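See structure below.
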Amino acid sequence: MSGQGSHGPKQPGKSFSDADLMMYADGELPADEARAVADWLAAEPAARLKLESLRQVGEAVRTYTELETDRAEVEVPAFADMWSRIERRIHANGAGQRAPARAAAEDREPVRTRRESGGPAGWWGGVRRWFEDHRGHVLTGAISAGAACALMLALGPTGEVQIAGEGKRPDPVQRAVLASQPPEVEDLEVYEGSGTILTIEPEGKDDSGAAVIWISSDQEQNREGPI
Amino acid sequence: MTGFRSAAAAVALACAVLVLPAGAGAAYAQGEGGKDGAQQAATAADCHIFEIKASNEGNGVDPELKPLARKLKKPPFSSWKAFKLLKRHEKKVERMKALNLGLVTGSKLALLFRGASGGQPSKTRLRLTFTLDDKNGKRKLDGTINLDSGDYSLIGGDSIEGGGTYIVAVSCTVP
């Protein structure tokens with residue numbers, strides 16, 4: 001931008017503003033205007049000194065920003081992608097030659113590369129990104145699972161599961177129920193003679209018990225033995 | 001809204017993950033305990049009936065009576081020296097359906113399996129009712145016995161033709 005507010009060619013012998021000098025130093029002036037500035041600078045030593053100062057200040061600023069960018073990239077790796085995008089956009093703005101579609105494609109390039117890279121690192125990165133994106137949902141699920149687990153532990157019928165588990169010590173009450181019991185005669189009616197009930201206990205785990213009903217007839221009962 | 005749906009889906013998924021194993025465990029527990037229920041609902045019992053002649057003629061226990069050998073050496077059977085198998089019956093007795101069996105003596109034995117209850121299969125408790133009628137159809141005995149599956153019921157005391165004492169032994173198991 002010229003000191004008069006237009007970018008048109010200057011008349012010979014006219015002076016240029018500081019803004020024109022800055023644009024000239026940055027190479028942003030149109031070619032014809034840049035030539036006019038160069039002619040003017042050739043005749044003005046003070047303007048040349050000012051131009052040199054502007055260049056030095058610009059160089060100092062660029063160096064400082066580059067150093068800060070490098071430091072940020074090292075200390076905060078997540079900034080690397082961000083800075084590369086910013087730089088590309090800066091270059092795009094400066095050159096003005098990159099097509100918007102290409103710029104967009106280049107902006108997407110890191111993401112596409114990560115997704116298409118395959119392999120464990122890419123897969124793991126995708127999983128990590130998913131968890132980062134759905135951190136809230138994962139947290140909600142974990143809290144719900146914990147609450148449900150606590151409820152089940154507090155209210156669940158643990159006794160039945162313990163009885164069912166193989167290899168676990170049986171409950172004493174349950175063991176008593178499962179133990180072998182001798183036969184029991186619930187009721188018995190003998191119509192002739194009399195009956196005697198006997199029980200034979202099993203002699204071991206492989207043996208069985210027995211209930212014996214011995215019937216004695218009346219004749220046998222009345223029979224007197226030898227005196 | 002999408003966030004709410006996702007959160008609801010996450011909660012549902014978490015519940016499913018937790019409830020499914022618990023449900024499986026409960027089903028497993030019921031399956032194990034279910035044996036008990038199956039036994040209680042046993043519809044039939046496998047019964048072995050041995051008709052035995054006890055005497056003092058000869059010596060020893062018939063090899064066919066091996067399952068009863070230990071018992072036959074104890075009172076009141078220790079009064080006899082020889083035990084011979086007269087006939088063996090193997091019958092499936094349906095629950096609450098009387099098995100009527102003609103014995104070698106001409107008597108008739110009716111066996112009624114009333115049901116089963118208990119824990120492990122070998123210790124299932126059976127409830128059996130016996131009735132014994134003589135060859136003239138006259139009732140001699142009836143009674144109900146509760147005993148473990150596989151245990152024996154021995155009914156004896158009648159004299160047998162040709163000498164000796166008649167014993168009938170019954171053992172039932174639930175499959």
Side-chain angles (χ1 to χ4, degrees), chain A residues 134 136-149 151-152 156-157 159-166 170 174-175 177-200 202-205 207-217 220, chain B residues 3 6-15 17-19 22 25-26 28-33 67-68 70-71 74-77 118-120 122-123 125 127-134 138-159 167 169 171:
Chain A
H134 298 81
H137 302 154
V138 172
L139 191 63
T140 306
I143 291 170
S144 306
C149 193
L151 277 172
M152 288 188 66
E160 290 181 13
V161 175
Q162 283 173 359
I163 289 169
E166 288 184 3
Q174 183 76 1
R175 200 166 37 194
V177 169
L178 296 178
S180 130
Q181 296 177 57
E184 290 175 308
V185 177
E186 189 176 305
D187 62 71
L188 178 67
E189 192 80 32
V190 177
Y191 296 93
E192 287 186 4
S194 61
T196 304
I197 300 167
L198 302 164
T199 300
I200 300 175
E203 290 184 349
K205 285 183 179 178
D207 196 16
S208 55
V212 181
I213 300 170
W214 202 255
I215 302 169
S216 303
S217 64
E220 286 176 345
Chain B
S6 300
V11 171
L13 181 65
C15 288
V17 166
L18 283 167
V19 168
Y28 174 73
Q30 285 178 355
E32 289 294 297
L68 284 160
R70 286 184 190 173
K71 294 167 184 56
K74 294 178 180 178
F77 308 109
Q120 294 175 351
S122 60
K123 300 300 176 191
R125 200 78 170 159
R127 190 160 177 249
L128 304 173
T129 293
F130 298 91
T131 56
L132 187 63
D133 299 334
D134 66 14
K138 191 173 183 181
R139 175 82 20 118
K140 294 182 71 176
L141 168 150
D142 68 48
T144 300
I145 300 177
N146 294 305
L147 72 178
D148 286 348
S149 176
D151 280 0
Y152 284 84
S153 303
L154 294 107
I155 303 167
D158 270 354
S159 296
I167 303 165
S171 173

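Computed from a predicted model, the values in this text were never measured in an experiment. So that the names make sense, note that chain A is the first sequence line, chain B the second, and so on, each numbered from 1.
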Q.
Please enumerate all residues that pass salt bridge (charged side-chain N to carboxylate O under 4.0 Å, His left out) together with A:Glu184, with sequence neighbours excluded.
A. B:Arg125
Q | Heavy-atom closest pair, residues A:Tyr191 and B:Leu141 | A | CD1-N, 3.8 Å
Q.
Less than 4.5 Å apart, side chain to side chain, heavy atoms only: is that true for A:Val212 and B:Tyr152?
A. no
Q: Supply the atom-to-atom distance A:Ile197 CD1 to B:Ile145 CD1, rounded to the nearest 0.5 angstrom.
A: 8.0 Å
Q. Chain A: which of B:Ile155, B:Asp158, B:Leu147, B:Thr144 shares the most heavy-atom pairs with it under 4.5 Å?
A. B:Thr144
Q: Tell me, for B:Leu68 versus chain A, whether the close heavy atoms (under 4.5 Å) come from the side chain, the backbone, both or neither.
A: neither
Q.
Test side chain to side chain contact (heavy atoms under 4.5 Å, CB included) on B:Leu154 and A:Leu198; report intermediate values, then the result.
A. CA-CA 10 Å; B:Leu154 294 107; A:Leu198 302 164; over 6 Å; no
Q.
Quick check on the interface: out of A:Asp207, A:Asp187, A:Val190, A:Val185, who has the most heavy-atom pairs with chain B under 4.5 Å?
A. A:Asp187
**Q.** A:Glu189/B:Lys140 salt bridge by N-O under 4.0 Å criterion
**A.** no
Q.
With a 4.5 angstrom heavy-atom cut-off, is it the side chain or the backbone of B:Phe77 that approaches chain A, or both, or neither?
A. side chain
Q. Quick one: does A:Ser208's side chain get under 4.5 Å of B:Asp148's, heavy atoms only?
A. no
Q.
The test is salt bridge (charged side-chain N to carboxylate O under 4.0 Å, His left out); show your working for A:Glu203 and B:Lys74 and say whether it passes.
A. CA-CA 12 Å; A:Glu203 290 184 349; B:Lys74 294 178 180 178; 2.8 Å; yes
**Q.** Salt bridge flag under 4.0 Å for residues A:Glu192 and B:Arg139
**A.** no
Q | Contacting moiety of A:Pro202, where chain B heavy atoms sit under 4.5 Å | A | neither
Q: Would you check if the side chain of B:Asp151 reaches a backbone N or O of A:Ala210 as a donor-acceptor pair within less than 3.5 Å?
A: no
Q. Most heavy-atom pairs under 4.5 angstrom with chain A, which of B:Ser171, B:Ser153, B:Pro67, B:Gly156?
A. B:Gly156
